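Here is the structure we will look at, set down as structure tokens.
So you know, we letter chains A, B, ... as the sequences are listed, proteins then strands, and number each from 1. Worth knowing before you read on, the calculation uses all heavy atoms, side chains too, and leaves out hydrogens, waters and symmetry mates. What you see is a predicted model, and the numbers here were worked out from it, not measured in a lab.
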Amino acid sequence: MKNIIQAVKGTREFYPEQMFARNFIYGKVRAASEMFGYQEWDGPFIEPLELYAAKSGEELVKKQSFTFEDRGGEQVALRPELTPSLARMIAAKQGELNFPVRWWSFGPFWRYESPQRGRSREFFQWNIDMLGADSPEADAELIAVGATFLRSVGLSPSLTQIYVNNRRLMDSQFDALDIPTDKRVDVSNLVDRRAKMESAKWEAYALEIGLNQNQLDGLKSLLGNFDLWKQSEELTRTFTALEALGVKDYVKFDPNIMRGLLYYTGTVFEAFDTSGSVKRAIFGGGRYDNLLADVGGQPLSGVGFAMGDVVAGIILQEAGLIPEFQPSPAQVLVTVFDTTLLPQSFALAAELRAAGLNVMVYPEPTKLQKQFKFADKMKMKVAVTVGPDEAANGQAAVKSLRTGEQVVVTRAAAAEKIREWLK
RNA sequence: GAGCCUGUAGCUCAAUGGCAGAGCGCCACACUGUGGAUGUGGAUGUUGUGGGUUCGAAACCCAUCAGGCUCCCCA
């Protein structure tokens, strides 16, 4: 036992119960995506390293990606994100796609980071994007898809909120405060850290990165102004659309949401669990205008977001929203009386399957008590036994494991009786 | 990449330098054509791994692996 080779650090093993939870999320992701007309797609899991190196900082790529040299000497990476693959695939067919394109994907990603709660090295991520439309209403649609997902898994607005901001709005505010362009990255970092730091330390840090007292005061009042969105035509339209889409109770303007400066150019948003149990965002995204130009395509605006399965899974688990795991997809067990009658049980199981039931048959003759115990542990609803008496008369004993009631019926009538008890 | 905490039976955890234990779960039997409940009995184990200190280590020290918290990062 102790000599078992361990799983790779930061990976997760999906036993049937975890697989069930993962597929639950996948199913809800699919439903929310398809409800809005998005098509499922995927890219390769391995990409040339330069696909990421071109866009992201090289240090980040080298430090936080799983990279290796293949046998042909090519530098490749396990994909750390999907957006560059999306950009390339869109650019390659830019002339023939029917815009606006609505695509979603759910697949594995790898990042070489230090594993901790809510973060693993191998995870699944939902990506969903609309490309070729740049209206505030398109932004609203993506936020509504996210809200629809939250609602569909039972995460009410009191449990989760989507915070919305807009980079252009913030830029104009930074302009008004005379914060120079080359300080914007630092200021974004500063804003991101505000919740994590004590206010005195945070203010000291603000002065440290070169803000003057006047700018700091301006920034503080800016970050406390939750009516600021009214000054942005874009956000005003987005919020109007969100109301029409019926998800207004999920969204709230928050000037503290920045999402870095990497490629977001307009509206940005992040969903959080309001209990604060997990401090990481459930999902986050926004509008980007320059994506395709980076991979050689024609300029094309897009909006999208990504959701990892780790944080979402923890929150759903804690909220008790993952449905009860069923140990077996079958609800019927056909027992085996003894060696002589084993073929009868196998034949009966086949008949029941042909009648459309999911049926397990005990794979070897053993004490009936043990077989019923097994059926109970596997949460079977019905057990069917063909003993000598039943076999002699072409019958089967059908027992409801919920009520304990048992009836002997002809084999031909067994399926119907089982179906009745499964209801 | 840095700091801190944790690691004991399948699970949750006791044992603070002196015989490795409890509860739950598991197995057997009571019950040779039938689960859940009950009773009786049984097995839980390289104390994460490797080394060191000691008459003696689960405990103390060093290293290492894994998980967690914080920083960093978050494409």
Answer with yes or no whether the side chains of A:Thr267 and A:Asn166 bring together a donor and an acceptor at under 3.5 Å.
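Distance-only check passes for A:Asn166 and A:Thr267.
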
Nucleotide nearest [X] (side chain, heavy atoms from C-beta), chosen from [options]:
X	options	answer
A:Pro115	B:G68, B:C29, B:G33	B:G68
A:Arg119	B:C72, B:G33, B:C69	B:C72
A:Arg111	B:U34, B:G33, B:A75	B:A75
A:Lys9	B:C69, B:A66, B:U34	B:A66
A:Lys377	B:C27, B:G35, B:G33	B:C27
A:Glu390	B:G33, B:C72, B:G35	B:G33

Roughly, in whole Å, what's the span from [atom1] in [X] to [atom2] in [N]?
X	N	atom1	atom2	result
A:Asp376	B:A37	CG	C1'	11 Å
A:Asp129	B:A75	CG	C1'	13 Å
A:Tyr362	B:G33	OH	P	17 Å
A:Asn189	B:C71	CG	P	14 Å
A:Leu401	B:G33	CG	P	19 Å

[N] pairs with, by Watson-Crick or G-U criteria that keep both distances under 3.5 Å:
N	result
B:C55	B:G18
B:G1	B:C71
B:G25	none
B:U46	none
B:G35	none
B:A66	B:U6

Determine, stepwise, if the pair A:Tyr26 / A:Trp126 fulfils ring pair (Phe, Tyr, Trp, His ring centres under 6.0 Å).
CA-CA 8 Å; A:Tyr26 191 10; A:Trp126 176 26; over 10 Å; no

Taking atom C1' in both B:A15 and B:A59, compute the distance separating them and give it to the nearest angstrom.
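It comes out at 10 Å once rounded to the nearest Å.
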
Could you work out the separation of B:G35 and B:G21 based on their P atoms and round it to a whole Å?
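One P to the other, the span is 35 Å.
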
Taking 4.0 Å as the cut-off, does a side-chain nitrogen or oxygen of [X] come that near to OP1 or OP2 on [N]?
X	N	answer
A:Lys373	B:G36	yes
A:Arg117	B:C69	yes
A:Gln369	B:U34	no
A:Lys370	B:U32	no
A:Arg193	B:C71	no
A:Arg121	B:G67	no
A:Lys399	B:U34	no

Is there a donor and acceptor pair, one atom on the side chain of A:Gln64 and one on the base of B:C73, closer than 3.5 Å?
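Counting by modelled atom types and ignoring angles, no donor-acceptor contact under 3.5 Å is found here.
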
Donor-acceptor pair under 3.5 Å, A:Gln371 side chain vs B:U34 base:
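It does not, because no donor-acceptor pair links the side chain of A:Gln371 to the base of B:U34 below 3.5 Å.
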
Could you check whether A:Arg102 makes a cation-pi contact with A:Phe36, meaning its NZ or CZ is under 6.0 Å from the centre of the six-membered ring and within 45° of the ring axis?
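Judged by the rule (NZ or CZ under 6.0 Å from the ring centre, within 45° of its axis), A:Arg102 is not positioned above A:Phe36.
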
Within 45° cone and under 6.0 Å: A:Arg184 NZ/CZ vs A:Phe174 ring
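No, A:Arg184 does not sit over the ring of A:Phe174.
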
Sidechain N-carboxylate O distance under 4.0 Å for [X], [Y]:
X	Y	answer
A:Glu324	A:Lys379	yes
A:Arg167	A:Asp289	no
A:Glu416	A:Arg419	no

